[in-house]
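Input: a single structure, listed below in structure tokens.
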2 protein chains.
Amino acid sequence: MSLGTSLRVTKQRQVLLDELCKVRSHPTADELYQMVRRRLPRISLGTVYRNLELMAENGMIQKLAVGGTQKRFDGNAAPHYHVRCLKCDRVDDLDLSLELDVEQKARKHTDFTIVRHSLEFAGLCPECC
Amino acid sequence: MSLGTSLRVTKQRQVLLDELCKVRSHPTADELYQMVRRRLPRISLGTVYRNLELMAENGMIQKLAVGGTQKRFDGNAAPHYHVRCLKCDRVDDLDLSLELDVEQKARKHTDFTIVRHSLEFAGLCPECC
DNA sequence: GTGTCTGCAAACCATTTGCATCGGT
DNA sequence: ACCGATGCAAATGGTTTGCAGACAC
């Protein structure tokens, strides 16, 4: 869990990362579990959760706390925003790098030491409306 | 649950709203339960959840999906942003009305019909750092 | 009186964890 | 050989729900 910890290369880890990186969707842990299971039928849900957590901590992937109840994961570790469909729950990327100054602005309105921010959009995807 | 539905005025509802509105913090359902229980010892957690949900739907209060595992509630129904302390989990308001154009900007980068957005800041409160 | 609201307890569901075994280094 | 990783199943914890009685209107 600390900085010096290097993760071992296990089959489970490899396949999990591979499956996550090859989709454009932003799957939940359970969706990923189903995907990986096709290649590793004996993998457990617990392993999926543990590895997603570890890989997120190590900056290899992103854990998204988007709207719904389940967390979602993104194989693209670079910072970017997301839009979520209110009807079908689909989550898309959003290339909106322009406003990196929100944190600067926010700093002027609080005595908190701002470390990061999260911005999520919600609406209707082209299919749903 | 629909527009025509007007909520009945019950003691539970009154006290709950009153307690929520008189604090500046952004309590979780359980914290609110503890607060209300001092005045209505027989109220149940279920009632607290049901009413918070209903009042949020009716725009009387706000349900916040901020960072952590538990949802938080805000007696101030007017749209505004929040900062959350990464250490003690305290949540403060943020008067940052300046950038109402984020949605406009976002619209240019997606084919979703954007309805709303949520923006949350995280950092360290003055007490924690 | 009618239909909503409440308290209670059980159900839910995403996620976490304990433990014995397995496997990467 | 060591220690992290895994599978399995049970535990957790926030939230939801079914039901019978109580209460607002």
Side-chain angles (χ1 to χ4, degrees), chain A residues 1-20 26-58 60-73 84 89 91, chain B residues 1-20 26-58 60-73 84 89 91:
Chain A
M1 56 165 64
S2 66
L3 287 172
T5 314
S6 63
L7 303 182
R8 286 183 180 172
V9 180
T10 65
K11 202 80 204 154
Q12 291 83 337
R13 215 100 88 184
Q14 289 174 328
V15 175
L16 195 47
L17 185 56
D18 183 55
E19 290 292 327
L20 178 55
H26 302 73
T28 62
D30 195 74
E31 284 167 351
L32 236 1
Y33 174 53
Q34 304 303 339
M35 294 158 63
V36 170
R37 219 138 70 112
R38 294 198 289 263
R39 290 164 65 182
L40 299 176
R42 298 193 54 74
I43 197 175
S44 76
L45 229 202
T47 297
V48 171
Y49 273 106
R50 274 185 288 235
N51 282 325
L52 288 172
E53 192 62 46
L54 282 173
M55 294 193 296
E57 277 176 14
N58 280 44
M60 305 163 68
I61 66 174
Q62 268 189 84
K63 174 155 55 157
L64 309 181
V66 241
T69 49
Q70 283 156 279
K71 293 195 175 57
R72 294 178 168 274
F73 297 86
R84 181 175 47 93
D89 229 52
V91 175
Chain B
M1 55 167 63
S2 65
L3 288 173
T5 314
S6 66
L7 303 181
R8 286 186 178 169
V9 181
T10 65
K11 202 81 204 152
Q12 290 84 338
R13 215 101 89 186
Q14 290 174 328
V15 175
L16 195 46
L17 185 57
D18 183 54
E19 289 292 327
L20 178 54
H26 302 74
T28 62
D30 195 74
E31 283 166 351
L32 237 0
Y33 174 52
Q34 303 303 339
M35 291 158 65
V36 170
R37 216 135 74 110
R38 293 198 288 264
R39 289 165 64 182
L40 298 176
R42 297 193 55 76
I43 196 173
S44 76
L45 229 201
T47 297
V48 172
Y49 273 107
R50 274 184 289 235
N51 283 325
L52 288 172
E53 193 62 47
L54 282 173
M55 296 195 294
E57 277 175 13
N58 280 45
M60 302 163 68
I61 66 172
Q62 269 189 83
K63 173 155 57 157
L64 309 180
V66 242
T69 51
Q70 282 157 280
K71 294 194 176 56
R72 293 178 169 275
F73 298 85
R84 180 175 48 93
D89 229 50
V91 175

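So that the names make sense, note that chain A is the first sequence line, chain B the second, and so on, each numbered from 1. Quick caveat: nothing in here was measured; it's all calculated off a predicted structure.
Residue A/Leu52 contributes atom CG, which lies 14 Å from atom P of D/dA5 at whole-angstrom precision. Atom CZ of A/Arg42 and atom P of D/dA9 are 10 Å apart (whole Å). Rounded to an integer number of Å, the gap from B/Glu31 CD to D/dT15 P is 11 Å. Here the P atom of nucleotide D/dG7 and the OH atom of A/Tyr33 are 9 Å apart, to the nearest Å. We find that CG of A/Asn58 is positioned 10 Å from P of D/dA5, with the value rounded to whole Å. Separating the CG atom of A/Leu7 from the P atom of D/dC3 is a distance of 18 Å, rounded to the nearest angstrom. For the pair A/Leu54 CG and D/dT6 C1', the computed distance is 12 Å after rounding to whole Å. Protein atom CG of B/Asp30 is 13 Å distant from nucleotide atom P of D/dT16, rounded to whole Å.
Looking at which nucleotide of DNA chain D each of B/Lys11 and A/Thr47 is closest to, the 5′-most match is held by A/Thr47. Projected onto DNA chain D by closest heavy-atom contact, B/Val9 and B/Gly46 fall at different nucleotides, the more 5' of which corresponds to B/Gly46.
In this structure, of D/dA5, D/dC25, D/dG14, it is D/dG14 that holds the atom nearest to the side chain of B/Thr69. Out of D/dA24, D/dG7, C/dA14, the shortest distance to the side chain of A/Gln70 is found at C/dA14. The B/Arg50 side chain lies nearest to D/dT17 when the options are C/dC5, C/dC19, D/dT17. When the nucleotides C/dG23, D/dC25, C/dT6 are ranked by their closest atom to the side chain of B/Gln12, C/dT6 comes out on top. Of the candidate nucleotides D/dT6, D/dC25, C/dT16, D/dT6 has the atom nearest to the side chain of A/Asn51. Here D/dT16 is the nucleotide among D/dG7, D/dT16, D/dC19 with the atom lying nearest to any side-chain atom of B/Glu53.
Here the closest heavy-atom approach between residue B/Pro27 and residue B/Leu32 is recorded as CG-CD2, 3.8 Å. The two residues B/Leu16 and B/Asn51 have their closest heavy-atom pair at CD2-CB, 3.5 Å.
For D/dT16, the OP1/OP2 oxygens have no side-chain nitrogen or oxygen of B/Tyr49 closer than 4.0 Å. Between C/dT6 and B/Ser44, no contact under 4.0 Å exists linking OP1 or OP2 to a side-chain N or O. Contact between the side-chain N/O atoms of A/Thr28 and the OP1/OP2 oxygens of C/dA14 is not found at any separation under 4.0 Å. Distances shown here put a side-chain N or O of A/Arg13 below 4.0 Å from the OP1 or OP2 atom of D/dT6.
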Would you check, one step at a time, whether the test side chain to side chain contact (heavy atoms under 4.5 Å, CB included) holds for B/Glu53 with B/Lys63? CA-CA 8 Å; B/Glu53 193 62 47; B/Lys63 173 155 57 157; 2.9 Å; yes
Pair B/Val15, B/Gln12 - check side chain to side chain contact (heavy atoms under 4.5 Å, CB included), show working. CA-CA 5 Å; B/Val15 175; B/Gln12 290 84 338; over 6 Å; no
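Rounding to the nearest 0.5 Å places OG1 of A/Thr10 at 8.0 Å from CD1 of A/Ile43.
The base of C/dT4 is paired with the side chain of B/Arg8 by a donor and an acceptor separated by under 3.5 Å.
A/Leu45 comes within 4.0 angstrom of a nucleotide base, judged by non-hydrogen atoms across all strands.
Looking only at distances, no side-chain donor or acceptor of A/Asp18 sits under 3.5 Å from a matching main-chain atom of A/Gln14.
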